Amino acid sequence: MEKGRKQSKIQMKSVRQKECDYSDDLFAVAIPVWYQDSGKVNPAWLSICKEERNQTTDLLEQITSFSNLQKAYKQVRQNGGSCGVDNMSIKDFGEWFSKNYQELQSQILQGNYQPQSVRGVQIPKPKGGFRQLGIPTVKDRVIQQAISQVLQPIFDPKFSFNSYGFRSKRNAHQALLESQKIVKTGKKIIVDLDLAKFFDEVNHQRLMWMLGTRIGDKRLLKLIFKTLKTNIMQNGLEEQRIKGTPQGSPLSPLLSNIVLDELDQELNRRGLRFVRYADDVQIFVSSQMSAERVQGSIIKFIEKKMKLKVN
């Protein structure tokens with residue numbers, strides 16, 4: 001039994017090392033967030049995070065540089081989309097930005113910038129019901145895109161190999177191929193989990209804690225928190241948001257992966273084979289009994305620890 005446990009730990013270490021060996025930064029050797037079976041935060045992980053925070057104290061200067069904001073505007077223009085609550089079009093913002101770039105930069109750096117309310121739109125789902133979308137103003141979309149461009153290279157290389165949604169050079173087809181490979185190993189029983197209204201249920205406090213462990217620029221953290229707390233305007237009425245990150249925001253895909261990386265790490269810690277695409281997770285096991293046990297314990301972890309809901 002003891003020999004089996006040691007062998008299991010060696011295999012787990014090998015898997016984690018493989019997931020991170022393409023990174024040459026502080027996280028070149030994978031260290032899980034959670035400490036063994038206790039569920040406590042791993043001191044070694046926090047120690048490395050502290051070193052990373054010391055190296056990320058000036059991110060807001062990078063975000064507000066003319067070149068980064070200009071790149072963000074080009075991406076927002078390419079994505080298209082309608083106006084926000086201020087009715088400023090993408091073209092109008094481009095003209096405004098060319099004359100007022102320094103004013104915008106100064107507002108953000110001094111902490112005076114206040115994101116505007118998000119315009120709420122409900123679109124019907126194919127199987128019934130509605131999906132809530134949030135459309136920030138073009139100005140806010142550009143700023144969020146600028147933030148994402150700086151944070152993506154910091155966070156994405158440490159995400160799990162098993163995560164395929166909202167990531168560069170990763171797609172649903174690759175997720176299906178990986179699923180087929182796992183099934184061929186004999187793990188043919190699948191626990192299929194779908195998070196209920198994930199984007200609407202993201203817990204702000206947990207998200208800000210996870211960002212704060214690795215980002216040393218407190219000005220940026222305050223700006224992201226302001227963005228999360230913006231009201232939703234729908235049918236002429238404003239509703240205060242106490243949780244969630246709106247679908248339609250350029251920053252939401254990255255934030256969602258940061259939130260769900262906690263789930264990936266827990267599945268890795270347990271030695272489970274899985275594939276995740278955004279908030280859809282499939283866990284592969286060898287028997288019905290294992291599936292029922294895993295399903296129950298993982299749902300408990302998601303709902304109790306991550307403060308999310310499972311369909």
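Here the structure is a predicted model, which is why all the values come from computation and not from measurement.
- K181 has its side chain out of reach of T185: every pair of non-hydrogen atoms, C-beta onward, lies at least 4.5 Å apart.
- Below 30°, between 30° and 60°, or above 60°: for F225 and H204 the angle between ring planes is above 60°, a perpendicular geometry.
- Among residues at least two apart or in separate chains, ring pair (Phe, Tyr, Trp, His ring centres under 6.0 Å) pairs with a member in residues 51-71 are F66-F97, F66-Y101.
- The pair K158-E52 counts as a salt bridge, with a side-chain nitrogen and a carboxylate oxygen less than 4.0 angstrom apart.
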Problem set entry | Candidate pair S160 and S163, rule side chain to side chain donor-acceptor pair (under 3.5 Å), full reasoning | CA-CA 5 Å; S160 171; S163 167; over 6 Å; no
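- Side chain of D200 to backbone of G244: no donor-acceptor contact under 3.5 angstrom is found.
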Problem set entry | Steps toward side-chain contact (heavy atoms from CB on, under 4.5 Å) verdict (E262, F301) | CA-CA 10 Å; E262 182 177 358; F301 177 84; 4.2 Å; yes
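- By the 6.0 Å contact criterion, NZ on K229 is enclosed, its count of non-hydrogen atoms from other residues, nucleotides or ligands being greater than 12.
- A 4.5 Å side-chain heavy-atom check between F93 and V76 finds every atom pair outside the cut-off.
- Contact check for R141 versus I135: side-chain heavy atoms found under the 4.5 Å cut-off.
- K50 NZ: 12 or fewer foreign heavy atoms inside a 6.0 Å radius.
- Under a 4.5 Å side-chain heavy-atom criterion applied to ILVMFWY residues, the cluster that includes M233 comprises V85 as well.
- We find the CD-CG distance between Q105 and L69 to be 7.5 Å, quoted to the nearest 0.5 Å.
- No continuous path of ILVMFWY side-chain contacts below 4.5 Å connects F166 to L176, so the two sit in separate hydrophobic clusters.
- Closest of all the heavy-atom pairs between I154 and R214 is O-NH2, 3.2 Å.
- The 12-atom threshold is not exceeded at CD of E239, counting heavy atoms of other residues, nucleotides or ligands nearer than 6.0 Å.
- Between L193 and I299, some side-chain heavy-atom pair lies under the 4.5 Å cut-off.
- Between G248 and P136, the shortest heavy-atom contact is O-CD, 3.8 Å.
- When side chains are defined from C-beta on, R241 counts as touching V118, because their heavy atoms get closer than 4.5 Å.
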For this session: Might you work through the side chain to side chain donor-acceptor pair (under 3.5 Å) test for T213 and R53, ending with a clear yes or no?
Result: CA-CA 7 Å; T213 57; R53 286 199 303 274; 5.7 Å; no
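- Residue I232 is not grouped with residue V121 when hydrophobic side chains (ILVMFWY) are merged at heavy-atom distances under 4.5 angstrom, including chains of intermediate members.
- Side-chain atoms of R119 and S82 include a donor-acceptor pair closer than 3.5 Å.
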For this session: Determine, stepwise, if the pair S89 / D92 fulfils side chain to side chain donor-acceptor pair (under 3.5 Å).
Result: CA-CA 5 Å; S89 69; D92 290 341; 3.1 Å; yes
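- Between M208 and L221, the shortest heavy-atom distance links the atoms CE-O, 3.3 Å.
- K91 forms no cation-pi arrangement with W96, by the criterion of a distance under 6.0 Å to the ring centre and an angle within 45° of the ring axis.
- Annotation: side-chain contact (heavy atoms from CB on, under 4.5 Å) contacts of K307 (sequence neighbours excluded): N203, R206.
- Considering all non-hydrogen atoms of both residues, T56 and G216 come closest at OG1-N, 2.8 Å.
- Within 6.0 Å of the CD1 atom in I123, the count of heavy atoms belonging to other residues, nucleotides or ligands exceeds 12.
- Within the 4.5 Å cutoff, the side chain of M306 has heavy atoms near those of the L260 side chain.
- Judged by distance alone, the side chains of D140 and Q144 never bring a donor and an acceptor atom under 3.5 Å apart.
- Looking only at side-chain heavy atoms (C-beta outward), Q122 and L133 stay at 4.5 Å or farther from each other.
- Nearest heavy atoms, Y73 versus I90: OH-O, 3.1 Å.
- More than 12 heavy atoms of other residues, nucleotides or ligands shown are found within 6.0 angstrom of CG on N54.
- Judged by the 6.0 Å and 45° rule, R273 forms no cation-pi pair with F284.
- Judged by the 6.0 Å distance and 45° axis criteria, R276 is not positioned over the aromatic ring of F159.
- Atom CE of M88 sits about 9.5 Å away from atom CD of E95, to the nearest 0.5 Å.
- For the 3.5 Å distance criterion, the side chains of T245 and S252 qualify, holding a donor opposite an acceptor.
- Using a 4.5 Å cut-off between side-chain heavy atoms of Ile, Leu, Val, Met, Phe, Trp and Tyr, with links allowed through other members, L177 and F161 fall into different hydrophobic clusters.
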For this session: Show your reasoning for whether side-chain contact (heavy atoms from CB on, under 4.5 Å) applies to V150 and I63.
Result: CA-CA 6 Å; V150 171; I63 289 165; 3.6 Å; yes
For this session: May I have the step-by-step check of side-chain contact (heavy atoms from CB on, under 4.5 Å) for L263 and I298, ending in yes or no?
Result: CA-CA 9 Å; L263 174 60; I298 290 299; 4.2 Å; yes
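- The closest side-chain heavy-atom distance from Y113 to K139 is below 4.5 Å.
- Side-chain atoms of Q174 and E178 include no donor-acceptor pair closer than 3.5 Å.
- Side-chain atoms of S47 do not come within 3.5 Å of backbone N or O of A44 as any donor-acceptor pair.
- Across all non-hydrogen atoms, the minimal contact from N112 to K226 is C-NZ, 4.5 Å.
- Taking a cutoff of 4.0 Å between a charged side-chain nitrogen and a carboxylate oxygen, K243 and E201 qualify as a salt bridge.
- Rounded to the nearest 0.5 angstrom, M289 CE and I189 CD1 are separated by 12.0 Å.
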